[in-house]
Structure formats: structure tokens, C-alpha cells
Asker: 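Let me begin by handing over the structure; questions about it come next.
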There are 2 protein chains.
Amino acid sequence: MTAPKPSLELLRALTDENVLRVLMAHDRLTRAEIAARTGISKPTISESVQRLEQAGLVVDTGERTTGRGRVGSYYALAPHLGTALVASITPHGVVAEAVDARGRTHGEVRTALHADAGQEAAAEALGAAAARLGESAGPLRLAVVSAADPVDRATGRLVHLPDAPFLVGALDPPAVLAGTVTGPVLVDNDVNWAARAEYEQGCVQGVDDFVYLHLGEGLGCAVVGDGVVRRGHGGLVGEVAHLYTAGPDGRAMAFTEVFAALDLRRDASTAVDVPRLLDLLDTSDARAERVRLALAHAIGGVLAGALAFADPRTVVLGGPWGSHPRLIDAIEEHLARSPRSVPLIAAALPLPELTGARARAVEELGSQIVRSAHPTAQW
Amino acid sequence: MTAPKPSLELLRALTDENVLRVLMAHDRLTRAEIAARTGISKPTISESVQRLEQAGLVVDTGERTTGRGRVGSYYALAPHLGTALVASITPHGVVAEAVDARGRTHGEVRTALHADAGQEAAAEALGAAAARLGESAGPLRLAVVSAADPVDRATGRLVHLPDAPFLVGALDPPAVLAGTVTGPVLVDNDVNWAARAEYEQGCVQGVDDFVYLHLGEGLGCAVVGDGVVRRGHGGLVGEVAHLYTAGPDGRAMAFTEVFAALDLRRDASTAVDVPRLLDLLDTSDARAERVRLALAHAIGGVLAGALAFADPRTVVLGGPWGSHPRLIDAIEEHLARSPRSVPLIAAALPLPELTGARARAVEELGSQIVRSAHPTAQW
DNA sequence: TCCTCTAGTAAGGAGTCCTGACTAAAGGAG
DNA sequence: CTCCTTTAGTCAGGACTCCTTACTAGAGGA
């Protein structure tokens with residue numbers, strides 16, 4: 001609807017963006033190579049490279065081509081363009097790393113937390129990791145944070161919903177990182193980042209509409225629609241704890257209560273007792289079989305909700321017990337008897353939430369660099 | 001990620017797009033006015049207008065300015081640019097009209113169908129309406145069709161889901177219109193178009209995330225996420241018939257079966273008996289009260305699903321019985337006792353599906369015209 | 001020693017947009 | 001009736017961007 005205003009500045013900005021983007025993908029290129037890859041003429045590329053070198057966004061690496069013909073100079077993104085902080089916060093600890101616009105990791109800090117360490121410990125670990133990475137890897141221009149709890153879309157703060165386990169605790173990542181990160185702090189929950197990872201380099205590449213159901217201590221879900229993780233108004237898409245489903249006795253109850261009814265909750269908590277559950281999944285007696293059936297029925301209800309509101313091409317099952325083969329078998333059997341069905345896949349990527357968050361960080365850092373070359377151009 | 005290649009052709013295309021867009025919004029303007037509104041200089045606009053007049057996209061209307069100063073010529077979009085067919089197909093009949101790129105309606109054809117007239121009758125009515133409008137309103141460059149049944153996203157054909165009433169019947173609008181409409185035929189179900197209408201000119205303007213629940217003979221729903229109607233992989237987002245919810249006895253059952261359990265289905269059909277239901281909503285005895293409670297509980301379950309998978313800012317209730325005040329009251333009471341809640345609004349627009357489809361048609365026609373000015377430019 | 005091949009530069013041209021001055025013509029003031 | 005004001009549109013010139021073509025510089029191979 002809104003066509004940008006034509007201007008010569010726009011053209012220049014577009015040329016520069018082409019150059020920067022191709023350098024983000026290829027770490028060192030001669031001007032001739034840039035011209036070939038972008039399809040833009042050599043003289044134009046030469047001007048753009050000169051302009052960007054002047055602006056400090058691109059540098060002559062000093063390396064030269066070898067082989068026949070005139071020696072060429074390799075150019076690359078300037079090294080001091082800054083990095084992005086990528087952090088994952090789970091009940092077990094904080095993992096943080098810095099990535100640059102090329103997607104290279106520049107350091108990693110792991111801080112273990114013992115269970116129920118409290119939010120102060122998590123905040124401190126995050127802040128300390130950021131400080132260390134900021135020193136070693138250069139200025140942190142933005143941060144992308146994954147948290148094992150629902151995240152408020154507007155503020156980036158963690159939210160405690162009723163009857164949901166609050167794994168990481170009250171935490172305000174933008175506030176914690178305000179001092180060490182100069183730019184925006186993007187926070188989302190781990191399941192959403194994991195879904196992004198599976199979409200970009202996992203088991204559902206090319207599938208623009210899918211649902212990722214995470215089954216662990218908490219119950220979470222991510223909805224990818226038209227190739228983008230959907231967050232809804234408050235960022236609470238995927239909070240399936242209160243979805244109505246079928247309980248073990250056939251009565252309608254909230255999904256989270258199924259685990260209470262099956263005696264699969266940790267003491268004095270609303271968190272799922274994962275070791276116990278895994279144990280049951282591996283057992284073959286009649287009681288274990290009943291539990292499997294009850295779980296399949298309950299999860300079938302959740303999937304009916306997913307079908308109704310997200311119409312996925314595929315459902316990805318992840319989390320500590322979500323990808324258990326016997327569980328998937330049981331759910332598939334249940335779905336086969338349902339009026340509508342959907343293919344199931346087990347998630348496969350290791351540390352998917354970090355992978356997804358990293359991809360977002362690289363993307364955002366790239367956009368920031370492109371924008372910084374032409375602050376006034378908008379299109 | 002993909003920056004367009006800079007070129008002078010791109011600039012020219014952008015100028016032309018600015019001119020065309022402003023003429024779509026303002027039906028007649030002098031070149032000076034176009035320059036003022038777009039912010040582009042007068043000489044550049046003059047060139048563009050000349051180019052577009054040459055191409056036949058813009059015409060000198062012959063009208064001249066009055067008042068002080070030199071007389072100016074008013075230009076407008078060429079009248080023969082074609083129109084778009086907008087059609088709504090319901091069990092009661094077919095309503096069709098033609099709209100031009102300015103959003104003006106150029107004719108309307110209403111064809112009543114008696115209930116269960118069959119798909120041949122509907123197809124014939126649609127085809128006949130298109131033929132008539134094509135003759136009277138000029139060539140139909142595209143069509144936007146609303147149907148009161150689920151629509152397959154890939155093919156545009158209507159889909160019959162198990163246990164859902166098939167109101168309009170097997171119908172393949174793209175095939176029916178292939179002869180009379182030269183361009184694409186966009187088909188979607190009426191609830192999705194209604195949601196778009198409420199978003200653009202109804203009760204949820206500016207709300208980027210909401211859910212529209214349509215309660216009539218069929219049970220449907222639309223999900224708007226980040227300002228766009230979400231359709232999912234197959235176009236079946238919003239098909240809530242098989243969502244698990246609570247039945248009158250508290251047992252988990254599919255939403256559609258609640259109406260069977262409450263004896264609120266039409267004979268030999270899975271369609272809701274709307275007159276009977278409205279009657280009960282207006283009655284005050286104990287039995288009616290029990291039905292209201294049961295409906296509120298069941299719909300509460302559907303809304304729990306919406307909260308889990310769409311996280312709407314607001315829920316819009318529409319359809320013949322969806323916006324009944326006593327029903328809304330009952331649902332609100334139920335939600336107040338639930339762990340999570342959401343504001344409810346009654347839908348208000350008349351013929352919302354036609355309004356939404358019309359908006360899409362105008363948008364698409366505009367894009368087609370813009371593209372036709374520069375077929376090779378891509379950005 | 002000469003030829004070939006390649007990165008980068010120069011020159012010139014076409015095209016786009018802009019500014020500022022100019023022209024044409026209508027309405028109002030005196 | 002004449003002159004002034006006001007406005008739409010054009011003209012001329014300039015700045016700038018991209019492109020094509022031709023050229024230069026310099027390394028490796030014959």
C-alpha cells in the first residue's frame with residue numbers, strides 16, 4: 001500500500017544493502033566477486049565499497065587474490081561492528097554467547113544454577129555473562145533471550161500464569177541487560193525459539209505452518225503460521241495449560257490437571273514429574289498402559305485445539321518426554337480414530353532454543369548494520 | 001534479507017506506483033495536487049502522468065480546475081481498467097457485485113436459493129451473476145469469493161469436513177469462474193472475510209490479534225494474528241467443530257456434539273437448530289437456564305482453545321445467535337470463574353463477509369494495476 | 001620474452017530526480 | 001478596462017546514479 005518515495009538516495013542505499021548482505025553471507029570477497037554475486041556492475045560496486053569503507057562498515061582485509069590475473073583485494077565486514085548477545089535461561093542454568101553479523105560465535109559462558117535457585121541468581125548469572133561477553137567480544141548491540149517461561153510480548157518480562165510452573169522465576173531481561181546491551185533486547189520463550197530452529201534448520205524446513213508441542217516439566221507449544229512464529233497479543237500463544245481436554249476418566253478438564261489426576265506432578269508444584277513419567281513410558285504393565293492411553297487422549301485433545309486454531313501441516317513433538325517413541329505411537333493410534341488427523345514428527349535438534357535465538361540475533365544484527373549505513377532511508 | 005537490485009527502472013516504477021496509489025485514493029487530481037500529496041516534484045509527476053496516460057492507465061478527465069490561477073487538468077484512473085468480482089455464497093443465496101480499483105461498486109446481483117437447492121444451483125447462480133456483471137461493469141480481472149463452508153487454501157475449492165454441516169455444497173469457484181474472470185479467483189470462508197471487515201471498519205480496528213467466533217447453523221471461527229487473517233496450511237484454521245470441550249454432563253466431547261447432546265440440531269443434519277436455540281435464549285425457565293449454562297461452558301472451552309493457540313486481545317462474537325446478549329452474559333460469567341479471561345464484543349457490521357471480501361478485492365485489483373505498469377520490476 | 005587472464009579504473013552516456021525560473025491563463029481589485 | 005495576484009504546468013540546468021565499453025596494471029604460464 002505504501003510505496004516508498006523514489007529518490008537517488010534510495011538507490012544508493014539499495015546498492016549498499018546489496019553489498020553488505022552479500023558480505024554477511026560470504027566473509028571475504030573481492031569487488032569483482034561482489035559484482036558477480038549481486039548482479040550489479042563493477043564500477044557501481046567499487047563506489048559502494050569505497051563509501052562503506054569510508055563509513056567504517058567494510059574493511060580491506062589486506063588479503064590478496066592469488067592465481068592468474070591481476071591481484072585483487074578482499075573486503076569484509078568491519079570487525080568492530082559489534083555482536084549480539086544470545087542467552088538461554090532454564091531452571092538448570094544460563095547459557096550465553098556472542099554472535100557477530102556473519103553468524104560466528106565469539107565466546108560462550110555457561111552458568112549452572114541448582115534447582116529453585118531463585119530469580120536473583122538467574123538475573124545475576126545473565127548480567128554477569130553479558131558483562132563478560134561484552135568485554136571479550138566487543139560491544140553488544142542487541143540481545144536475544146530465551147526463557148523457559150511465558151514472556152510478555154510488550155515488555156519482554158516473564159509472566160507467571162495461574163497453575164503453570166514458574167520455572168525461571170520473575171525476571172526482567174531488558175532491565176537486567178540495560179547497562180551492558182546498547183540496543184533492543186528481544187525476549188521470547190524457549191519453545192518459540194525451538195520452533196524457529198526446527199523451521200530453519202531442523203525437521204520442518206519449508207513447512208510454513210506447523211505446531212511444535214513441547215512436553216517437559218512445563219507444557220508449552222509454538223505456532224508457526226505463514227513461516228513466522230505467532231505470538232498473539234500478549235505473547236501467550238502456546239500456553240496450553242488451561243486448554244480443555246479429556247481427563248483419565250473422560251471428563252473435560254484443563255490439560256495441566258490431567259497430570260494431577262494421573263499423579264504425575266512433582267511434590268508441591270504444578271510441574272510435571274518427568275523422571276516418573278519417562279519411567280512409566282518405558283514400563284509395560286497394565287497401569288503404565290492406562291497412563292499412556294490417558295496421555296494420548298489428553299494430548300489428542302490438545303492437538304484437536306491445534307488443528308482448530310492453527311491448522312498445521314505437521315506437528316513436531318519435543319521436550320524431555322514429548323519425543324518418546326512409545327508416546328508418539330500412542331498419540332498416532334489415538335489420532336487414527338479421530339475425525340481429523342495430522343502427521344507427527346519428533347524434534348531432533350540439540351539445544352534448539354539457542355539455535356533459534358541465534359538465528360534471530362544474526363538477522364537482527366544484520367538489519368541494524370544495514371540501517372546504520374543509511375539512517376534516513378526508509379523502505 | 002533480499003534487497004531489490006537498484007536500477008533506474010525501479011525508481012521510475014516507484015514514481016508510477018505513487019501516482020497510481022494516490023489516484024486510487026482520490027479519484028481526480030491535477031498534477032500539482034498529485035505532486036503535493038506524494039511529495040514528489042511537479043516535473044517528475046508530469047513525466048509519470050504522461051507515461052501512464054500513454055500506457056492507458058490514467059486519463060485526462062476533461063474536467064478543469066476553476067478558481068484563481070491557471071486552469072489545471074484533472075486526471076483519473078482510466079475507466080476501462082476492469083473490475084473485480086465480489087461474491088458471497090450462503091445457503092440463502094448468492095450476492096455478487098463488481099468493484100473497481102477506487103472501491104466503487106458497479107452493480108449488484110442477488111440470487112435467492114431455497115434451502116438445500118444443491119451445489120449445481122449455487123454454481124449456476126454464481127456463474128450467471130459473474131456473466132451479467134462482466135457485461136455491465138467491464139472485464140472482471142479477478143474474483144474474491146466468500147463461501148459459508150471451509151475452503152481449501154491451495155485450490156480454493158470447498159471442503160466437506162466430517163460431522164460439519166455442508167451448507168453450500170461441493171463447489172469449485174475457480175472452475176465456475178474460469179471463463180468469465182481473467183485473473184485469480186481468491187476464495188475463503190465467510191467468517192474469515194467477516195473478521196477482516198471487523199478489523200478494517202468494524203469493532204476491532206487497530207487490534208492486531210483477535211478471534212472472531214461465528215455461531216450460526218455452522219460453527220466457525222477466524223483467527224487474526226499480527227493484523228492478518230491466518231489460514232494455516234490447508235485453510236482450515238477456525239474449524240472448531242472437533243475441538244474438545246465440556247459437554248452438558250461435564251464429559252469431554254467435540255464442540256459439535258454438544259449441540260446433539262442438547263438436542264439443538266436440525267433433523268437429520270449436523271447443523272445447529274438456530275430458531276430453537278434463539279427461542280431458548282429468550283426463555284427464562286429452569287431448562288433454558290441449564291442450556292445457557294451448558295452453552296457457556298462449552299463455548300468457554302472453545303475460548304480456552306483460542307487463548308491457548310491465538311492469544312487474542314479480544315474475542316468478537318458474531319453469527320445469528322453468537323451476539324445474543326444473554327449468551328454473551330453467560331459466557332462472561334463463565335470466563336470470570338476461569339483462570340484466564342478475555343474481553344468479549346458482539347459483532348456489529350451488516351453483511352460483514354461481503355465487506356471484507358470487497359476490501360480484499362480492491363486491494364488486489366490495485367496491486368494488479370500497479371504491477372501491470374511495470375511488469376518486469378520486482379521489489 | 002610474450003601472451004593470457006583477471007581486478008579494478010576511467011570515460012562517456014543514458015536516465016532520473018530536483019530546484020528555480022518561467023509561461024499561460026483565470027479571477028479579483030481598483 | 002487594466003493591472004495584479006494566484007496557480008498549473010513546463011523548461012533549463014544541475015546533481016547524481018547506474019551502466020557499458022574500453023583500458024590499465026600486474027601475476028602466472030607458454
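This one's a predicted model, so the numbers in the text were calculated from it and none came from an experiment. Letters A, B, ... are given to chains in the order of the sequence lines, protein chains preceding strands, and every chain is numbered from 1.
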Asker: Take the protein atom CD of A:E33 and the nucleotide atom C1' of C:dA7, then report the distance between them rounded to whole Å.
Answerer: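 Going from A:E33 (CD) to C:dA7 (C1'), I get 10 Å.
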
Asker: Charged N to carboxylate O under 4.0 angstrom, A:R360 versus A:E363?
Answerer: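 Answer for the salt bridge query: yes.
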
Asker: Ion pair present between A:D188 and A:R196, side-chain N to carboxylate O less than 4.0 angstrom?
Answerer: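 So A:D188 does not pair with A:R196 through a salt bridge.
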
Asker: When the distance from CD1 of B:I34 to P of C:dC17 is rounded to whole Å, what number comes out?
Answerer: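 That distance rounds to 14 Å.
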
Asker: On a heavy-atom basis, which atom in B:L77 and which in B:V59 lie closest, and how many Å separate them?
Answerer: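 Minimum heavy-atom separation between B:L77 and B:V59: O-CG2, 4.0 Å.
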
Asker: Could you tell me how far apart A:E53 (CD) and C:dG8 (P) are, to the nearest whole angstrom?
Answerer: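 Taking CD of A:E53 and P of C:dG8, I get 11 Å after rounding.
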
Asker: Taking the basic N atoms (NZ, or NE/NH1/NH2) and the acidic carboxylate oxygens, is any pair closer than 4.0 Å for A:R37 and A:E33?
Answerer: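 A salt bridge is absent here (no side-chain N lies under 4.0 Å from a carboxylate O).
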
Asker: Is there any protein nitrogen or oxygen under 3.5 Å from a nitrogen or oxygen in nucleotides 11-19 of chain D, and what are the pairs?
Answerer:
from	atom 1	to	atom 2	distance (Å)
D:dT17	OP1	A:R12	NE	2.4
D:dT17	OP1	A:R12	NH2	3.3
D:dC18	OP1	A:L11	O	3.4
D:dC18	OP1	A:T15	OG1	2.3
D:dC19	OP2	A:S41	N	3.2
D:dC19	OP2	A:S41	OG	2.9
D:dC19	OP2	A:T44	OG1	2.9

Asker: List in numerical order all residues of residues 67-74 of chain B for which some heavy atom is under 4.0 Å away from an atom belonging to DNA chain C.
Answerer: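 Heavy-atom cutoff 4.0 Å gives B:G67, B:R68, B:G69, B:R70, B:V71.
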
Asker: Are the side chain of A:W193 and the backbone N or O of A:A359 linked by a donor-acceptor pair below 3.5 Å?
Answerer: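 Looks like no, no N/O pair under 3.5 Å.
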
Asker: For the pair A:R358 (side chain) and A:G103 (backbone), establish whether a donor and an acceptor sit closer than 3.5 Å, ignoring hydrogens and angles.
Answerer: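 No, because the side chain of A:R358 does not come within donor-acceptor range (under 3.5 Å) of the backbone of A:G103.
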
Asker: Give a yes or no on whether the backbone of B:V204 and the side-chain of B:E198 come within a donor-acceptor separation of less than 3.5 Å.
Answerer: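 Not at all, since once roles are kept as given, no pair shorter than 3.5 Å links the two residues.
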
Asker: Can you measure A:R64 atom CZ to D:dG28 atom C1' for me and round it to whole angstrom units?
Answerer: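 Interatomic distance, CZ of A:R64 to C1' of D:dG28: 18 Å.
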
Asker: Salt bridge or not between B:E47 and B:R31? Use side-chain N to carboxylate O under 4.0 Å.
Answerer: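 No.
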
